[in-house]
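Remarks on the structure that follows.
Both backbone and side-chain heavy atoms feed into the values below; hydrogens, waters and symmetry mates do not. In each ligand, atom 1 is the first atom listed, and ligand 1 is the first ligand listed.
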Amino acid sequence: MAMRVLLKNGRVLDPRNGRDGHLDVLVAGGVVARVGRDLPAGDARVVEVPAGVIVCPGLIDMHVHLREPGQEHKETIATGCAAAVAGGFTAVACMPNTDPVNDQAAITQLIIARAEEANLARVYPIGAVSAGSKGDRLSEFGDLRRAGCVAVSDDGRPVATALLMRRALEYASLFGMPVIDHCEDPSLKGEGVAHEGFQAALLGLRGIPGEAESIMVERDVTLAAMTGGRVHVAHMSARDSLRAVRDGKQRGVHVTCEVTPHHFTLTDEALAGYDTNVKMNPPLRERLDREAMLEGLADGSVDAIATDHAPHHHDEKHVEFDRAPFGIVGLETAVSLVFDQLVHRAVITPARMVELMSVNPAAILGVAGGSLTEGVPADISLLAPDVEVTIDPARFRSRSRNTPFGGRVLRGAVAATIVGGRLVYLNDAVAGTAALAAAFTAPEEPR
Ligand SMILES: [Zn+2]
């Protein structure tokens with residue numbers, strides 16, 4: 001007999017079904033069996049959802065780097081999935097810049113097999129646009145799709161030429177996949193390590209102008225219009241990129257975009273001190289760019305929040321600024337940053353947060369999730385908006401600790417994560433969650 005748990009009286013936020021109110025959710029046989037007011041318990045175990053806790057469709061991070069195969073000293077699929085569920089994510093989509101690159105079915109299958117072994121978050125592989133992500137010839141999208149890829153990208157690098165991007169958009173359309181582009185003109189980026197502006201000049205760092213990004217966003221919008229394909233702009237950071245996305249959307253072009261928590265939280269002023277944990281690509285930009293990202297998150301021009309979780313070993317980051325690799329970990333800080341920086345400052349509503357972190361990523365990738373519709377797999381995030389957390393990298397489940405947010409006190413926490421009706425993460429620092437553990441793990445009573 002499959003386990004039945006009735007989550008009583010949580011604040012259910014399910015924008016796809018127009019739900020925002022105190023409701024019960026019945027989880028049975030791994031699916032959302034019923035959602036409603038005062039549901040009868042029947043033979044289900046009853047858990048009172050702690051006061052103030054939000055019950056929403058599982059969060060989906062559509063941009064992570066799990067590093068396996070090839071760089072297991074930074075992260076493995078198992079440690080990355082543990083970090084994901086601790087961060088409230090029930091699913092992640094992983095970029096193909098592993099070693100070897102995920103440009104063929106055998107690699108995709110390996111990633112899926114490792115994710116099944118880990119048995120925590122769902123993992124959706126993203127295949128490479130080009131063989132080896134070298135930018136020369138397209139990989140076999142059909143093979144990648146059949147093996148389980150949900151999108152294609154050469155992330156870490158841009159799709160180098162307009163011709164390759166055109167072909168990728170045309171080819172990916174045949175399989176219903178978006179092309180996710182790391183938009184960055186290599187010639188404008190040059191040897192840059194930080195946003196080109198006052199701070200970089202002050203600190204003597206080589207700059208990367210915002211236009212290095214926006215010029216390629218404009219190219220991609222133009223090519224998406226030309227081909228009818230779907231382009232998704234990864235980790236958008238520059239205000240002119242947002243303008244290009246908005247223009248495209250107004251013209252009916254199939255363009256979507258994501259913003260990371262670090263780009264909506266920090267600016268290049270964080271560079272003072274040369275902390276390599278603020279070195280990321282695209283770089284932290286200036287105040288007007290951050291403000292534009294906040295505006296886009298609020299008004300719907302930005303479709304998704306994604307972390308660009310990029311684990312690096314301590315030794316790799318513990319070098320001078322110019323030599324350090326780009327990127328920070330993000331899975332275990334995202335929810336707290338979104339609540340603290342966006343929800344509690346009234347930039348977005350909690351319902352919009354669910355759209356940005358669950359509904360829209362599911363729709364863009366064409367994967368399950370994004371709603372608590374009766375009958376769907378019970379992938380559910382429980383979030384505690386008012387619980388304060390102090391970010392402690394030493395306690396991360398991720399194998400890497402490269403975050404600029406260590407020591408920050410933020411309001412907003414993950415309470416629990418449920419995947420396929422199984423409780424895969426519980427934060428015992430949130431009062432009242434012990435009952436969840438009991439309900440989801442106690443042995444079945446004979447019937
Ligand atoms: Zn990237």
*Over 12 non-hydrogen atoms of neighbours within 6.0 angstrom of CD in E291*: yes
*How would you list all residue pairs meeting salt bridge (charged side-chain N to carboxylate O under 4.0 Å, His left out) that involve residues 146-163, not counting sequence neighbours?*
D143-R146
Mind listing the side-chain donor-acceptor pairs of residues 88-95 below 3.5 Å, one per line with the distance, residues two or more places apart or on another chain?
| residue | atom | partner | partner atom | Å |
| --- | --- | --- | --- | --- |
| T90 | OG1 | L59 | O | 3.4 |

*Any sub-3.5 Å donor-acceptor pair from T222's side-chain atoms to E218's backbone N or O?*
yes
_Restricting to under 2.8 Å, identify the protein N, O or S atoms around the Zn ion (ligand 1) as residue plus atom._
D155 OD1, H182 ND1, H235 NE2
*asked:* Suppose we screen for salt bridge (Lys or Arg N to Asp or Glu O under 4.0 Å). Which residues come up paired with E295, at least two apart in sequence or across chains?
replied: R246
*If you draw a 6.0 Å radius around NE2 in H344, do more than 12 non-hydrogen atoms from other residues or ligands fall strictly inside?*
yes
